[in-house]
Student: 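The structure is given below, and queries will be raised subsequently.
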Protein chains: 2
Amino acid sequence: MEKIDRRAEIILKAVVEEYVRVAEPVGSRTIAKRIPLNISSATIRNVMSDLEEMGYLYQPHTSAGRIPTSEGFRYYVDRLMEVKELGAEEKEAIAGTIESAEGDALGVLKEASRLLSDMIRQACIVIAPGPDRMILKHISFVRLSKEKMLVILVGKSGLIQNRVFAYDEEISQAELDRISNYLNAEIVEGKTIQEIRAHIVRELKRDRARYDRLMKRALDFSERVVSQSAENVIVEGQTKVFEQPEFVENLERLKQVMRSFEEKSVLLKLLDSTLLSEGVQISIGAENALEEFKDMSLVAAGYRRSDSTLGTIGVIGPVRMDYGVVIPFVEYTAQVLSRIFEEK
Amino acid sequence: MEKIDRRAEIILKAVVEEYVRVAEPVGSRTIAKRIPLNISSATIRNVMSDLEEMGYLYQPHTSAGRIPTSEGFRYYVDRLMEVKELGAEEKEAIAGTIESAEGDALGVLKEASRLLSDMIRQACIVIAPGPDRMILKHISFVRLSKEKMLVILVGKSGLIQNRVFAYDEEISQAELDRISNYLNAEIVEGKTIQEIRAHIVRELKRDRARYDRLMKRALDFSERVVSQSAENVIVEGQTKVFEQPEFVENLERLKQVMRSFEEKSVLLKLLDSTLLSEGVQISIGAENALEEFKDMSLVAAGYRRSDSTLGTIGVIGPVRMDYGVVIPFVEYTAQVLSRIFEEK
DNA sequence: TATTAGCACTCTCAAGTCAAGAGTGCTAAT
DNA sequence: ATTAGCACTCTTGACTTGAGAGTGCTAATA
């Protein structure tokens, strides 16, 4: 990213902010009025022309104003943006609403994303903690039919994951109950699936486990469940994209976006990288790996318990987004979620 | 609904079918060519003018062709429509896909609605069985914190419902486990919540139940859970509305529809009446009680086990819908679902 | 040398005009 | 009762036009 001189920065900043506000190409005269430097529109035109050459701005056509490119937004976000601090009332509103959400962890996450979506008027997505990261509280086995059984995992935070799986041997509910009880009493509490697996392996090695076949099964199962699944993706406020002129003007685009929201596995891919990183992640336009989102931006942050990331909450919207406002909101919401999951 | 003579019926039928096909006002000449009667376009114009007066057709403006009104569609559905029989391959495809769906009952329902949505290219909604109608297989209590506990109900069909609820007395997980075991062993299997409630009440009266406080709680709880909740609504193929010209041409409308899909409680209200009725329910345009859907149609059918309705599967689309095709698809899908839930 | 005033030029957008096409309603003939 | 024929209406798309916004360039200025 090419460095630009101070005056150009001020102008770029003004262009970005004005464009975010009005969603239309902004001209040199507008900028001249907007910035405190006493500079004529002609000079600004020259600077803007330079910025265009450097790839930070572009003109939709000659004799229109200019629009920041993704690179322009990136420069803005990295070096020019002033992040707005959240006010005490705002913080209170967020924390209060989320903390008083009723229901299980999923309910809390839904409430959080709805709130976030409403406050910043963009679509919001959340990845709920997957079974692999869950610290377990309880496990139940239920026999559904001769070949099928159901496993229900209850996480520390009240999050429930369940999977049906086939078992090739007749087994009674009574026996399953005994196994559930044994596991719950001796193993489950406070461990993750991986730890339980390790434990079972140790037990099996000592050759004293009465239910070794089942345990082996449970092992297989836990391996199969490890990956994130699209069921853990929550989307709220998807219709907020209808408020954005950039989508409304392009119906094909709108349709594509809505389809992505429907096909949640796509979103999972999009947020994948965020799961690994610290802090607020921002990807702008083409920085997104996925074709479908190449003209959208994502602002996301992970929420965590102690040192392991549980999931991600993020905002998806057009590249023209008020990052200075969105970022602190996302950041704080993720913090609140972390706090809640820490306590639970 | 006013009766019309045979010739007018043939013309109305032709107008409806042509309009369904092309989504544009249809003119007298088109009809003249389309129907086997040897009638001139002028005569047809006269008949159409009559039909308009009776409220079955209307003109968007003078000198355009005509469009069937909701009443026109209603007349068509009630008296003129030929319902297309499903072919063996189609039936096979539906039954096969749904039966081989993996996962729990929710997975089956999702698969079914996705399939239906894809086949008839309309949005599809399903109401999953609520906890009140569930025949239980298993029940678990999990202590989440001092004040909160989680109840997990597993239905016969593998459907899971869970609720967090507050309990104002410290209680250990071990004790909860004992209670779960007791309930599972003696009561739960094959009963509905109502029946269990009755059983508990009897036990309590006999004054022998050790866990009477908890049981009272469970009673309260089961009362609270009885109503259908928006969480049981599945929507698949919502973006199918983007294929319909009537919505694409009216963005405001499109937005409203998408919002209804998001706000699932609205859909619950819409389908409410269907839960009570037998067979395929069709409501056209303004027949829908809800303002939001006054220019859409709903074709829905309940699925059931023995004599109690479990839920509903339905298709939502523009009034201009090929009812003759949609109806048998919805009907058969509901049948397959009933069969699956019967077996399970 | 950097800035700026001034101006010609470009492009979009909305409004207006026009002709073609589709379809009707009416009348008069069959 | 039906229909041929025709005038009339309304939409639609193409085209034109003028206003407005904004630029790039040039020449003057500090």
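Throughout, protein chains are lettered first and strands after them, A, B, ... in sequence-line order, and every chain is numbered starting at 1.
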Student: Any side-chain N or O of A/Gln59 below 4.0 angstrom from OP1/OP2 of D/dG24?
Tutor: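 Checking D/dG24 against A/Gln59, a side-chain N or O does come within under 4.0 Å of OP1 or OP2.
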
Student: Counting a pair only when it is Watson-Crick or G-U and both distances are under 3.5 Å, which runs of at least 3 such pairs involve DNA chain C?
Tutor: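 So far as stems of 3 or more pairs are concerned, DNA chain C shows C:1-30 with D:1-30.
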
Student: Just how far, in rounded Å, is P of C/dT24 from CD1 of B/Ile11?
Tutor: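 One finds 12 Å between P of C/dT24 and CD1 of B/Ile11, rounded.
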
Student: Within a strict 4.5 Å, meaning less than it, do heavy atoms of the B/Arg66 and B/Ser49 side chains meet?
Tutor: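 Touching, per the 4.5 Å side-chain cut-off.
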
Student: What residues form a side chain to side chain contact (heavy atoms under 4.5 Å, CB included) with A/Thr43, not counting sequence neighbours?
Tutor: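 Per chain and number, A/Thr43 pairs via side chain to side chain contact (heavy atoms under 4.5 Å, CB included) with A/Arg7, A/Ile39, A/Ser40.
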
Student: List for me each residue that meets side chain to side chain contact (heavy atoms under 4.5 Å, CB included) alongside A/Val248, sequence neighbours excluded, and say none if there are none.
Tutor: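 B/Leu251.
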
Student: Output one letter per nucleotide in nucleotides 1-17 of chain C: B when a protein non-hydrogen atom lies under 4.0 Å from the base, S when only the sugar-phosphate is that close, - when neither is.
Tutor: --SBBB---BBS-----

Student: State, with a plain yes or no, whether a side-chain heavy atom of A/Pro328 is found less than 4.5 Å away from one of A/Lys91.
Tutor: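 Of all side-chain heavy-atom pairs linking A/Lys91 with A/Pro328, none is under 4.5 Å.
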
Student: Are B/Glu292 and B/Glu263 side-chain neighbours, meaning at least one heavy-atom pair lies under 4.5 Å?
Tutor: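 Counting from C-beta outward, B/Glu292 and B/Glu263 never come under 4.5 Å.
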
Student: For A/Lys13, give me all partners under salt bridge (Lys or Arg N to Asp or Glu O under 4.0 Å), at least two apart in sequence or on another chain.
Tutor: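 Partners of A/Lys13 by the salt bridge (Lys or Arg N to Asp or Glu O under 4.0 Å) criterion, ordered by chain and then number, come out as A/Glu17, A/Glu82.
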
Student: Closer than 4.0 angstrom, basic N to acidic O: yes or no for B/Arg74 and B/Glu71?
Tutor: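 No.
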
Student: Rounded to the nearest angstrom, tell me the gap between atom CD1 in A/Ile67 and atom P in D/dG22.
Tutor: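 Rounding to the nearest Å, CD1 of A/Ile67 and P of D/dG22 are 12 Å apart.
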
Student: For B/Ile316 and B/Leu270, run side chain to side chain contact (heavy atoms under 4.5 Å, CB included): C-alpha distance rounded to whole Å, both residues' side-chain angles, the deciding distance at 0.1 Å, then the answer.
Tutor: CA-CA 10 Å; B/Ile316 285 197; B/Leu270 181 69; 3.4 Å; yes

Student: What residues from residues 22-34 of chain B pass a heavy-atom cutoff of under 4.0 Å to DNA chain C?
Tutor: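 By residue number: B/Gly27, B/Ser28.
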
Student: I'd like to check the side chain to side chain contact (heavy atoms under 4.5 Å, CB included) partners of B/Asp50; sequence neighbours left out, ordered by chain and number.
Tutor: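 With sequence neighbours excluded, B/Asp50 shows a side chain to side chain contact (heavy atoms under 4.5 Å, CB included) to B/Met54, given in chain and number order.
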
Student: Using the side-chain hydrogen bond (donor to acceptor under 3.5 Å, both in side chains) rule, collect all pairs that involve residues 317-328 of chain A, keeping only residues at least two apart or in two chains.
Tutor: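 The answer is A/Gln244-A/Arg320, A/Glu246-A/Arg320, A/Ser297-A/Tyr323.
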
Student: Partners of A/Glu9 by side chain to side chain donor-acceptor pair (under 3.5 Å), sequence neighbours excluded?
Tutor: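 Only A/Lys3, A/Arg6, A/Tyr75 meet the side chain to side chain donor-acceptor pair (under 3.5 Å) criterion with A/Glu9.
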
Student: Just to verify, what does B/Gln256 make a side chain to side chain donor-acceptor pair (under 3.5 Å) with, not counting sequence neighbours?
Tutor: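 Listed in chain order: B/Arg253.
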
Student: Using the side chain to side chain donor-acceptor pair (under 3.5 Å) criterion, which residues pair with B/Thr239? Sequence neighbours excluded.
Tutor: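 Listed in chain order: A/Glu262.
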
Student: Does anything in residues 48-55 of chain B reach DNA chain D, meaning a heavy atom under 4.0 Å, and if so which residues?
Tutor: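 Going residue by residue through residues 48-55 of chain B, none turns out to have a heavy atom under 4.0 Å of DNA chain D.
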
